[in-house]
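Bear in mind that the values here come from a model prediction, so they are computed numbers and not experimental data. Basis for what follows: all heavy atoms, side chains included, without hydrogens, waters or symmetry-related copies. A, B, ... follow the sequence lines: proteins, then strands. Residue 1 opens every chain.
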There are 2 protein chains.
Amino acid sequence: MFKYIFIYYLCPRNEFSDKMAKKELKEKDISTEEKIKEAAKLVFHKKGYAATRTRDIAEEANINLALLNYYFRSKEKLFTMIMVEALAGFFQQLSSVLNNTETSLETKIELIAQNYIDFLTKEPGIPLFILSEIRNNATFFIEKIPIQEVVLHSEFIKQYQTEVQKGNATEPNPIQFLMNVLGLVVFPFIAQPMLSHLAKIDSAQFNQLMQQRKKQIPIWVKAMMSAG
Amino acid sequence: MFKYIFIYYLCPRNEFSDKMAKKELKEKDISTEEKIKEAAKLVFHKKGYAATRTRDIAEEANINLALLNYYFRSKEKLFTMIMVEALAGFFQQLSSVLNNTETSLETKIELIAQNYIDFLTKEPGIPLFILSEIRNNATFFIEKIPIQEVVLHSEFIKQYQTEVQKGNATEPNPIQFLMNVLGLVVFPFIAQPMLSHLAKIDSAQFNQLMQQRKKQIPIWVKAMMSAG
DNA sequence: GTCTATAACGTGATAGAC
DNA sequence: GTCTATCACGTTATAGAC
C-alpha cells in the first residue's frame, strides 16, 4: 500500500494506475509481461541501464525481442518502471520505521537492522543499482522523492536530537549518526562483490554474516552513541 | 612506489613499464596525452564504462576524437588504465596501513580514517566506480589483486584476533569488524549523491562532515569493539 | 500475441590529408 | 601530432506476416 504512494509520487501522469487497472482486468497475459519485467529487474540491477541490452533482457526472459517493445514501449520506459519500484521499496522500508511515532529510538534502530537486512537479502543488488544510476543519470528520480520529509524531518531524527539534548548521545549532528547506522546496514551489500573475493565467501555464507549483524548492529550503535 | 607494485600486478605483459620509460624520454607530448587521461578518469569515474562515450571524453579534454585512439588504441585500453590506477590507489592506501608491523591496532584505525578520508576527498568517485564496474564487468580486475594477502592475512586482522583472544573485542569475526570500519569510512562517499539531496549539502559541506569523521571514527570503533 | 526481417540511429575506430 | 570524413558494427525499435 505504502509502496504505491511512492510509485504515485514518481510516475509522471497517471500511467501507473492505468497499468494496475489494466492488469486486474485480464489476468491471462500477465505471464509474459511479468516474465519480461522480472528479467529486466534482474539484468538492470546487475548491470545498470547503459550496460544492459534489450537482447539481454529478452534472452533472460526467454521471449522474443520484439515482445519487449510490444509490452513496454521502450527500454527507457521499462527501466523507469524498475527504478521506480526499487526506489519505492528502498524508501518504503526506511520511512515506515523512521516515521513511526509509537516506537522508541532504540526500537527503531532494531527495526532498521532487521527489516533492511531482510529486505536487502532478498534484493541485494538494489543499493548499488540505485546509487550508481543516480551518479550517472543525474538526479531525475531522486528529486521526485520526498526524501527530506521522509528522512531528514523524520521522527527518528527528532528523537535522536532529544537524546543529544538529554546528553545521551555525544555526536550532535544527526546526519553523521544516520550515516553510521545506514553504513552498518547497507555497506556490506554494496561491497559484497568485493568481499566475496576478499574472504572467499559464497552467497549463503554472506547471508549468514548478515543475519548475525541483525542482532549486533543495535548493540554497536548504542555503544557508538555514548562513546567519547 | 608501492602503487607501481599493484599496477605491475594488474598489467598484462609489460605494457606499463614501457609506457613509463617512453614517458620520461619525451616530455613534450605529455600534455595532450595527460589531458585525455585526466578527462577519461573524470568521465569514467562519474558514469562508468558502458555509459561513457569516447566523444564525452574527447569533449571533456578539449581534443579531437581521433586523438583518443591515436594515444590509447581503444576505449577499452584507456578504461583499463584508469581502472588499474583506481584499484592501485584504493588498495595501496589500505595495504600500507593494514600491513604495517610497527603500529598498534588503535593507530591503524586512526590511520585508516585519516588516510582514506583524505584520499577519498580527492577522489570521491572511486569507490562507487570500482564497485559498480566489478558488479557489471565480472571479476576480471579484482582477481588480479592479491586481495587476500593484503587484507585477509594482514597484520591488522592478526592484531584484531589477538584482541579477541585477550577479551578486548566482543565480535569474534574479523570480517564483521572490517566491514564496520570500512563502512564508517567509505559508505558516506558511496552515498554522497543521495545524501546531498537528503540534507541539501554541497560538496564543501560534505567535505567538512568527512573531516569531522576523521576524529570520530576511531572513537566510535573503539566503543563498538568493547560493546556487548 | 508472437514472430522475422529490417529500418534508423549511435558509437568506436580508422583512413588519409595536412 | 592533429584534423575531417567516413566506415563498420551493434543496438533499439518497428513494420508487417502469421
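- Between I63(A) atom CD1 and dT2(C) atom P the separation is 9 Å, expressed in whole Å.
- Look at CZ on R53(B): it is 17 Å from P on dT11(D), rounded to the nearest Å.
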ask   = For nucleotides 13-18 of chain C, read 5' to 3', which letter fits each nucleotide if B means a protein heavy atom sits under 4.0 Å from the base, S means only the sugar-phosphate is that close, and - means neither?
value = BB----
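- A distance of 10.5 Å separates CG in L184(A) from CD1 in I109(A), rounded to the nearest 0.5 Å.
- Results of the side-chain hydrogen bond (donor to acceptor under 3.5 Å, both in side chains) test with K108(A) over N99(A), T103(A), N100(A) single out T103(A) as the only residue that passes.
- In summary, the aromatic rings of F206(B) and F189(B) are positioned with their centroids under 6.0 Å apart.
- Atom pair L78(A):CG and dT11(D):C1' shows a separation of 15 Å (rounding to whole Å applied).
- Interatomic distance, I142(A) CD1 to I130(A) CD1, rounded to the nearest 0.5 Å: 7.5 Å.
- Rounded to whole Å, the distance from CZ on F72(A) to P on dT14(D) is 15 Å.
- Between F129(B) and F44(B), a ring centre-to-centre spacing not shorter than 6.0 Å is recorded.
- L120(B) contributes atom CG, which lies 10.5 Å from atom CD of Q192(B) (distance to the nearest 0.5 angstrom).
- For F90(B) and F119(B), the distance between ring centers is not under 6.0 angstrom.
- To the nearest angstrom, P of dG1(D) lies 13 Å from NZ of K35(B).
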request  = Quick one: do E85(A) and K37(A) satisfy salt bridge (Lys or Arg N to Asp or Glu O under 4.0 Å)? Show the steps, please.
outcome  = CA-CA 11 Å; E85(A) 292 194 1; K37(A) 205 167 159 184; 3.0 Å; yes
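- Between T32(A) and dG1(C) there is no side-chain N or O to OP1 or OP2 distance below 4.0 Å.
- At whole-Å resolution of the value, CD in E59(A) and C1' in dC3(C) are 17 Å apart.
- Under a cut-off of 6.0 angstrom, the local environment of NZ in K46(A) is sparse, with at most 12 non-hydrogen atoms contributed by other residues, nucleotides or ligands.
- Within residues 42-52 of chain A, the residues approaching DNA chain D are T52(A), by heavy-atom distance under 4.0 Å.
- Counting to the nearest Å, the P atom of dC3(C) and the CG atom of N62(A) are 11 Å from each other.
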